[in-house]
Amino acid sequence: MANNEKKDYLIKMFSGLLETGINLNVFEELRDSDMRFEYAGYSADEAKQETLNKYRRILLRDNNIVDTIVRFDDAYGILILDADGNTPSTNDEEQRYFNEFVSWLASQFCGYNFSIVDDELVSDPDGYVKEMREVFIAHQIVQHLTKEREYMESQLRRYENLTDKHKTKTDKLGEVIARYGFLDLPDVVRLSDKGQLKLIELIANNGAPYAIAMFELVDFINHIQRHYFTTKSNLYKTIANWFGVNEREIKGNILVLNEKSKEDPTRYISCEQRDRVKKDFKELK
């Protein structure tokens, strides 16, 4: 009976981590790393690599808990988190694996030395439950970051198929924004390959105000701010590097698009480009 109670407790613990705790841990950790390394002059990608290394080190521990958690996913090829760091909407097969994964872990660990009273952990003298949580979270974060990197690399390969190897302004910008999911934006996906390449060419060759207006039109700024940047300062700095302008110019041209903005529209003219980008985008196929 005691082991059954402990198994039920572990099922609830692992399920809860998959549904809420992993997401929070992923993005809190990335936010902390991103900000810490940003001030030290490192990029967001380098910060994520540091986070990946940290959790990989946890998975190098030589113990049965690490071996058990990693072994199941390695055997079944399960990636619980999608590319955005969320538990995917489950179809019947995904739900079956989800339940099997959690139940199997609980059955492996319920004989460990810890005590449950009224569905609450009251004793963990050897730190086994703490270790289970830490390793479980580390494994999911490593999977998430690995999958995200694979996604970004696949986006770059997609863009490389649209153009030749001669690096024009269009090529250089395209390689960068493709890594951030530009080609998967709903308004961009519906264009042909030729239309996608023409869109990137327009953005690359018409100046930063035009580019910001077009980014707003296809919802690219909201997309990258939501998924890739933890501070607006880092967002402005990164976009500024793409176009070879200063960070303040990018900030002004983004903020001026808000009707309540106090930015000077005669200086930051992205708002004047709105009609033009709408016309240009409408002509793409």
Student: What's the spacing between Ile269 CD1 and Ile212 CD1 if we round to 0.5 Å?
Tutor: 12.0 Å

Student: Apply side-chain contact (heavy atoms from CB on, under 4.5 Å) to the pair Tyr112 and Leu10, showing each step before the final yes or no.
Tutor: CA-CA 11 Å; Tyr112 278 53; Leu10 292 175; over 6 Å; no

Student: Does atom CZ of Arg226 have more than 12 heavy-atom neighbours from other groups under 6.0 Å away?
Tutor: yes

Student: Of all heavy-atom pairs between Ala106 and Ile11, which one has the smallest distance, and what is that distance?
Tutor: CB-CG1, 3.5 Å

Student: Between the main-chain N or O of Ala208 and the side-chain N or O of Asn253, is there a donor-acceptor pair closer than 3.5 Å?
Tutor: no

Student: Nearest 0.5 Å please: distance from the NZ atom of Lys130 over to the CG atom of Leu121.
Tutor: 12.5 Å

Student: Would the distance check show the side chain of Ser107 and the main-chain N or O of Trp104 forming a donor-acceptor pair, the cut-off being under 3.5 Å?
Tutor: yes

Student: So, Asn246 side chain and Glu249 main chain: donor-acceptor pair closer than 3.5 Å or not?
Tutor: yes

Student: Does the side chain of Val277 come within less than 4.5 Å of Glu216's, by heavy atoms?
Tutor: no

Student: Please work out which of the three classes, parallel, tilted or perpendicular, describes the rings of Tyr180 and Tyr228, given edges at 30° and 60°.
Tutor: perpendicular

Student: Kindly check if the number of other-residue, nucleotide or ligand heavy atoms within 6.0 Å of CZ (Arg274) is above 12?
Tutor: yes

Student: Might you point out which heavy atoms bring Ser15 and Val102 nearest each other, and give the distance in Å?
Tutor: OG-CG1, 3.5 Å

Student: Residues two or more places apart in sequence or in another chain: which of them pass side chain to side chain contact (heavy atoms under 4.5 Å, CB included) with Asp62?
Tutor: none

Student: Working to the nearest 0.5 angstrom, can you tell me the gap between Arg276 CZ and Asn206 CG?
Tutor: 4.0 Å

Student: Using a 3.5 Å distance criterion without hydrogens, assess whether the side chain of His223 forms a donor-acceptor pair with backbone atoms of Val218.
Tutor: no

Student: Could you state the interatomic distance from OG (Ser115) to CD (Glu5), rounded to the nearest 0.5 Å?
Tutor: 10.5 Å

Student: Can you tell whether the side chains of Glu175 and Arg179 come within less than 4.0 Å, N to carboxylate O?
Tutor: no

Student: Might you work through the side-chain contact (heavy atoms from CB on, under 4.5 Å) test for Leu202 and Tyr210, ending with a clear yes or no?
Tutor: CA-CA 9 Å; Leu202 288 169; Tyr210 179 98; 3.7 Å; yes

Student: Could you tell me if the side chain of Met132 sits less than 4.5 Å from the side chain of Leu105, heavy atoms only?
Tutor: no

Student: Please write out which residues are connected to Val117 in a hydrophobic cluster, directly or through intermediates, given that two of Ile, Leu, Val, Met, Phe, Trp, Tyr count as joined at side-chain heavy-atom separations below 4.5 angstrom.
Tutor: Val122

Student: Take Asp193 and Gln196 through the side-chain contact (heavy atoms from CB on, under 4.5 Å) test and state the conclusion after the steps.
Tutor: CA-CA 5 Å; Asp193 287 358; Gln196 291 177 0; 4.2 Å; yes

Student: Find the distance between OH (Tyr268) and CG (Leu255) and round it off to the nearest 0.5 Å.
Tutor: 9.5 Å

Student: Hey, does Ile203 have a side-chain heavy atom less than 4.5 Å from the side chain of Phe220?
Tutor: no

Student: Can you tell me how far NZ of Lys169 sits from CG of Asn205, rounded to the nearest 0.5 angstrom?
Tutor: 5.0 Å

Student: Give the minimum heavy-atom separation between Leu183 and Val188, together with the two atoms involved.
Tutor: CA-CG1, 4.0 Å

Student: Please confirm whether the backbone N or O of Ile65 pairs with a side-chain atom of Asn63, one donor and one acceptor, at under 3.5 Å?
Tutor: yes

Student: Return the set of residues passing side chain to side chain contact (heavy atoms under 4.5 Å, CB included) with Asn258 (not counting sequence neighbours), or none when no residue passes.
Tutor: Lys260, Ser261

Student: Kindly work out whether a path of hydrophobic side-chain contacts (I/L/V/M/F/W/Y, heavy atoms less than 4.5 Å apart) joins Val176 to Ile221.
Tutor: yes

Student: Please report the C-alpha distance between Arg248 and Glu263 in whole Å, then the side-chain angles of each, then the deciding distance to 0.1 Å, and finally whether the salt bridge (charged side-chain N to carboxylate O under 4.0 Å, His left out) criterion is met.
Tutor: CA-CA 11 Å; Arg248 185 66 182 87; Glu263 296 289 348; 2.9 Å; yes

Student: Looking only at heavy atoms, what is the nearest atom pair of Val66 and Ile58, with distance?
Tutor: CG2-O, 3.9 Å

Student: In terms of side-chain geometry, is the basic nitrogen of Lys232 or Glu247 positioned less than 4.0 Å from the acidic oxygen of its partner?
Tutor: no

Student: Decide side-chain contact (heavy atoms from CB on, under 4.5 Å) for Ile137 and Glu134; before the verdict, give the C-alpha distance in whole Å, the side-chain angles of both, and the deciding distance to 0.1 Å.
Tutor: CA-CA 5 Å; Ile137 289 171; Glu134 186 174 30; over 6 Å; no

Student: Tell me, please, whether Phe114 has Lys6 positioned over its six-membered ring: NZ or CZ under 6.0 Å from the ring centre and within 45 degrees of its axis?
Tutor: yes

Student: Determine the interplanar angle of the Phe14 and Phe136 rings, folded into 0 to 90°, and report it as parallel if under 30°, tilted if 30 to 60°, perpendicular if over 60°.
Tutor: tilted

Student: Could you tell me whether Tyr128 and Phe109 have their ring centroids closer than 6.0 angstrom?
Tutor: no

Student: For Phe281 and Asp187, work out which heavy atoms get closest and say how close.
Tutor: CZ-O, 3.4 Å

Student: Of all the heavy-atom pairs spanning Phe101 and Ile69, show the shortest one and how long it is.
Tutor: CE1-O, 4.3 Å

Student: Look at Lys198 together with Glu283 and state whether they make a salt bridge at an N to O cut-off of under 4.0 Å.
Tutor: no

